[in-house]
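Following: one structure in structure tokens, then a few remarks.
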Amino acid sequence: MIVAERKPLAEIRGFVDDYRRILILGCGTCATVCLAGGEAEVKVVAAGLRISFLRDEKEVEILEDCVTRQCEPEFVADLPRKVQDEGVGAVVSLGCGVGVNFLAQTLETVPVFPGVNTEFFGAAVEPGVWLEMCAGCGNCILHLTGGICPIARCSKSILNGPCGGSRDGKCEINPEVECGWALIVERMKKLGTLDRLAEILPPRDWSTSHHGGPRKVIHPEAAPAAIGQGKAEQ
Amino acid sequence: MSGNRLAQEQQPVYAPCTAACPVHTDTRQLVEFIVEGRYEDALELLLEANPFSSVCGRICHHPCEQSCRRSKVDAPVGLMRLKRFVVEAMRDYRLSRRTAGGPPQKREKVAVIGSGPAGLTAAGDLAREGFRPVVFERSATPGGLLGNAIPRYRLPYAVVKEDIDDILARGVELRTAVTVGQDLLLEDLFAEGFAAVLIATGLSESRTLAIPGIDSRGVLLALPFLRTVLSSQPPAVGRRVVVIGGGNVAVDVARTARRLGAEKVTMVCLESREEMPAWSWEVEETEEEGVQIMPSWGPRSVFGEDGELKGLELRRCTAVFDSDGRFSPRFDENDTATIVADNLIIAIGQRGNLTCLRGSGVETDGPDRIRWDPGTLATSREGVFACGEVATGPGSAVEAVFDGHRAAKAIVHYLETDELLEQPPMELPHIGEIPDEVAEKVPVLSPVAAEVLSPEDRVRDFSEIERGFTEAEALAEARRCLACTTGALVDEERCAGCLTCVRICPFGVATVEQTAAMPQEECMACGLCAAQCPAAAIALKRFGTNQMREMVQPVVMELKKRAGAEAAVIVSYCCLFEITGRDFIRRAQEEYPPRGIVPVLVPCVARLSVADLLSPFEVGADGLVVIGCSEGSCLYPTAEQRVMERIRRAKGVLAEIGLESERIDYWRTERSAEASWTAFWELSQRKLSRIRSASEERRR
Ligand SMILES: Cc1cc2nc3c(=O)[nH]c(=O)nc-3n(C[C@H](O)[C@H](O)[C@H](O)COP(=O)(O)OP(=O)(O)OC[C@H]3O[C@@H](n4cnc5c(N)ncnc54)[C@H](O)[C@@H]3O)c2cc1C
Ligand code: SF4
């Protein structure tokens with residue numbers, strides 16, 4: 001899941017200071033689950049902004065809404081009309097960065113501001129605690145590393161670890177951070193496949209990752225029409 | 001909307017108390033009204049279901065309590081006493097609504113024979129429908145067995161009269177001291193222009209025993225005995241009284257005999273202690289009053305001298321029922337006992353007296369049962385209906401009331417359509433019992449005991465033995481209600497399956513499979529999940545808190561507008577359950593706002609979300625004071641901890657926008673709302689006024 005964290009209200013307030021009708025738009029999927037931008041948080045942000053404007057004796061209308069996912073056309077299809085009908089001057093998206101981007105494209109002339117900081121792809125390791133576990137590099141090598149990702153969970157993303165900075169299972173950058181490679185070694189010991197680590201992984205082709213520019217995925221059944229286009233771009 | 005919600009709304013499921021009540025009194029709603037101090041609404045609710053609410057608040061066999069789901073945790077909620085509280089507290093209101101006047105009397109006359117709960121209920125309903133019911137009663141005092149049998153120490157006549165006067169005020173005519181079948185025939189009624197007749201004559205005769213010596217002087221029958229006790233010349237009883245019977249009537253007879261001065265009263269019954277048909281609580285009280293019970297004995301013969309009772313011989317009863325559960329007592333003739341007695345009172349059951357049918361042609365089933373159709377309540381003669389115990393056999397007052405309602409429906413339908421109305425038995429679907437694993441997590445709250453006179457004081461006279469709940473007691477008892485069927489409802493469309501509810505539910509009820517689910521049986525309706533759900537996808541069927549802003553806005557704005565308001569304006573969310581008198585609710589809502597304090601009562605402050613905590617500030621309040629329940633009295637585990645966490649978050653939000661986090665205070669009630677809240681409000685308000693001026697200073 002995409003994990004995000006709400007931005008401080010003072011920062012959000014700074015974005016929208018000049019607007020008189022502001023829509024706070026939540027996202028009902030990842031941002032809800034990570035407690036950063038669901039309908040309940042929309043209410044909190046809206047309340048916070050209202051209080052803040054009230055204190056400055058500024059008359060500002062704060063609208064609230066939440067869509068199932070901000071990253072799908074169907075779920076945001078009604079938005080441009082709604083924004084226009086209600087005279088919304090600015091939108092604060094509590095969806096992840098994808099949501100902000102998608103809304104920005106959808107809404108064309110109305111500014112969309114990020115209400116959260118999008119952090120990473122992670123898991124809820126315990127209630128209220130999320131940990132980064134995948135870096136979205138576009139060429140998964142988890143089969144080689146016992147299911148634990150060296151790119152996401154090693155601070156240096158090295159492919160043949162651990163490095164000399166691994167201390168009692170912790171990473172040298174911060175004693176709170178687990179050494180990804182120590183986790184890989186422990187896991188592969190348990191699987192009885194530790195010997196495979198003797199093999200040196202060759203340097204990777206990072207073009208599948210963001211280094212190769214913005215990526216696109218086309219599913220042949222879901223998007224037959226896009227196939228030619230996709231190929232042409234490759 | 002969500003499938004969950006729709007499914008539940010299409011098929012209403014009732015609280016078990018409501019389903020168990022023969023007249024389906026919405027007891028859960030009643031308790032909610034009490035908690036909110038809405039006693040008038042509570043009374044309306046009661047009277048709508050049961051015109052004999054005063055009576056039933058005293059002597060109902062209260063199946064509602066027997067089915068109360070709280071029994072699984074500790075003991076049932078004292079619903080009968082709560083009803084009594086409502087009628088007692090609302091006496092004046094009841095009188096004022098009575099004089100409000102009934103609907104015009106325009107349609108046909110209906111004769112009702114018998115003024116017991118069945119007949120009078122039917123008559124009341126008929127009057128409300130615009131008919132002109134006339135009730136004929138043999139006795140001089142109306143009320144049936146309620147007025148002419150049940151002893152006053154359990155049911156003062158003033159209580160019965162309260163209900164009866166209410167019914168009569170609807171436009172019911174009562175003619176007492178008229179025995180139909182004797183003073184007047186059924187035929188005469190039709191000739192007099194009555195369009196229909198309802199027979200509700202009850203079971204007014206006592207059964208007797210066919211054993212040698214039974215006609216000795218000193219042998220009495222239960223109902224005539226109880227009737228004379230209620231007359232102006234109560235009978236004298238001897239020193240030693242034996243009562244035959246193990247039911248509620250026998251119990252009343254035995255306790256009455258004690259009050260008339262009998263020193264040694266013994267109840268002899270065929271049944272074993274456990275099988276005794278009398279209610280267990282009645283049996284206990286009877287023993288407290290010094291009545292001795294001899295279970296598993298049956299009378300063989302009565303012996304005497306010169307026709308005067310001296311005692312009776314008993315034989316051991318080895319079984320009361322046969323293998324099919326039919327009454328078929330067996331005795332061990334070798335196990336016998338002798339018991340001396342100055343009086344023997346026989347209380348082994350009642351039967352009907354069908355005098356009223358004389359010459360009417362209405363068919364009967366044997367000498368004391370009327371032949372009638374249980375679905376349509378019709379008898380063999382057109383236009384003649386029967387209801388109450390004369391038709392159904394022995395039961396309870398509230399069952400008679402239920403039958404009275406049915407009879408009125410049957411007659412209205414008949415008079416309007418000329419056809420019979422089939423009313424099949426109906427059972428309300430109700431929520432099942434609390435699973436063990438949930439029940440063990442529910443905090444125990446012992447029931448509030450109603451004050452009862454000591455047994456020694458009780459047997460002195462016929463004064464009522466139990467005092468009703470005080471208001472504080474009633475409110476404390478009402479708090480124990482689990483509010484069955486009002487729990488969490490998930491809007492599946494919004495639910496993101498995030499597991500927050502699963503992690504937070506203190507009763508381990510919520511589960512997530514695709515979307516969240518809280519089975520009605522299990523949910524304790526605490527609302528903790530709803531306040532925490534990040535998708536705002538959980539609603540509660542009652543007491544939603546999502547209107548907080550709209551609620552406080554007008555009051556706060558008004559206060560802020562008032563020029564020269566020195567003191568800070570604060571909103572105070574308080575735990576409704578800590579109030580011991582509704583007067584305080586009124587005062588809180590009328591007297592405090594002008595002083596800058598806007599109290600908002602919520603059933604458990606843990607129902608408030610972070611956004612709810614921020615609402616007062618949105619509308620311009622200077623501060624918020626949250627007052628939770630007193631130490632250890634919370635109905636819901638972890639609730640206080642959740643409120644504290646949310647308050648911390650709300651304070652964090654204030655800090656983010658540059659407001660002092662001390663603008664939110666949390667207090668725990670001490671003793672009661674009345675005893676502590678005012679002080680909390682004043683302290684917080686003083687502090688907030690300081691904060692406000694300092695902050696205004698800085699901004700200038
Ligand atoms: C001692 C005793 C204790 C009880 N305790 C309880 C209790 O604690 N709780 C509870 O729920 N129930 C109790 N009951 C039962 C309850 O009283 C009855 O269920 C209820 O009264 C039945 O109502 P009804 O209207 O069918 O008949 P009744 O109450 O019997 O009323 C019938 C009326 O018809 C009149 N009548 C009969 N024949 C004629 C005629 N020919 N002409 C004119 N009028 C006539 C009678 O005088 C009587 O007033 C008790 C009953 C007894 C006897
Ligand atoms: S948290 Fe409370 S309201 Fe929610 S499911 Fe559990 S018991 Fe029901």
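Throughout, a chain's letter reflects where its sequence line sits, starting with A, and its residues are numbered from 1.
Among residue pairs with one or both ends in residues 83-103 of chain A, those qualifying as salt bridge (charged side-chain N to carboxylate O under 4.0 Å, His left out) are A/Arg81-A/Asp85; sequence neighbours excluded.
Neither the backbone nor the side chain of B/Ser615 comes within less than 4.5 Å of any heavy atom in chain A. Neither the backbone nor the side chain of B/Leu613 comes within less than 4.5 Å of any heavy atom in chain A. If you measure heavy-atom distances from B/Cys533 to chain A, the contacts under 4.5 Å come from the backbone alone. Using a 4.5 Å cut-off between heavy atoms, B/Leu659 contacts chain A through its side chain alone, with no backbone atom that close. Heavy atoms of A/Arg69 lying under 4.5 Å from chain B are absent altogether.
At distances below 3.5 Å, at least one donor-acceptor pair connects side-chain atoms of A/Thr208 with backbone N or O atoms of A/Cys137. Side chain of B/Ser609 to backbone of B/Ala531: no donor-acceptor contact under 3.5 angstrom is found. Put simply, the side chain of A/Lys190 never gets that close to the backbone of A/Glu186: no donor and acceptor are under 3.5 Å apart.
At a heavy-atom separation below 4.5 angstrom, chain B is approached by A/Leu9, A/Ala10 within residues 9-17 of chain A. Using non-hydrogen atoms only and a strict 4.5 Å limit, the part of residues 30-68 of chain A facing chain B consists of A/Thr32, A/Val33, A/Leu35, A/Gly38, A/Glu39, A/Ala40, A/Glu41, A/Lys43, A/Val44, A/Ala47, A/Gly48, A/Arg50, A/Ile51, A/Ser52, A/Leu54, A/Arg55, A/Asp56, A/Glu64.
You'll find the side chain of A/Glu178 stays beyond 4.5 Å of the side chain of A/Cys171, heavy atoms only. The side-chain heavy atoms of B/Cys505 and B/Cys529, taken from C-beta on, include no pair separated by under 4.5 Å.
Per-residue counts of heavy-atom pairs under 4.5 Å with chain B were compared for A/Pro127, A/Gly28, A/Gly26; the largest is that of A/Pro127. Put simply, of B/Cys495, B/Gly620, B/Ala535, B/Gly497, the one with the most heavy-atom pairs under 4.5 Å next to chain A is B/Ala535.
Classification of B/Glu660 and B/Lys687 as a salt-bridged pair fails, no side-chain N sitting under 4.0 Å from a carboxylate O. Taking 4.0 Å as the cut-off between side-chain N and carboxylate O, B/Glu656 and A/Arg6 count as a salt-bridged pair. Contact check on B/Glu645 versus B/Arg642 returns a salt bridge, with a Lys/Arg side-chain nitrogen under 4.0 Å from an Asp/Glu carboxylate oxygen.
Under the 3.5 Å distance criterion, with hydrogens and angles disregarded, a donor-acceptor pair is assigned to the side chains of B/Ser684 and B/Trp667. Neither side chain, B/Gln685 nor B/Arg595, offers a donor N or O lying under 3.5 Å from an acceptor on the other.
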Review item, side-chain donor-acceptor pairs of residues 105-119 of chain A, under 3.5 Å, at least two apart:
unit_1	atom_1	unit_2	atom_2	d
A/Thr106	OG1	A/Phe102	O	2.6
A/Asn117	OD1	A/Lys7	NZ	2.6
A/Thr118	OG1	A/Gly97	N	2.7

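Across all their heavy atoms, B/Trp681 and B/Cys574 have their closest contact at CZ2-SG, 3.9 Å.
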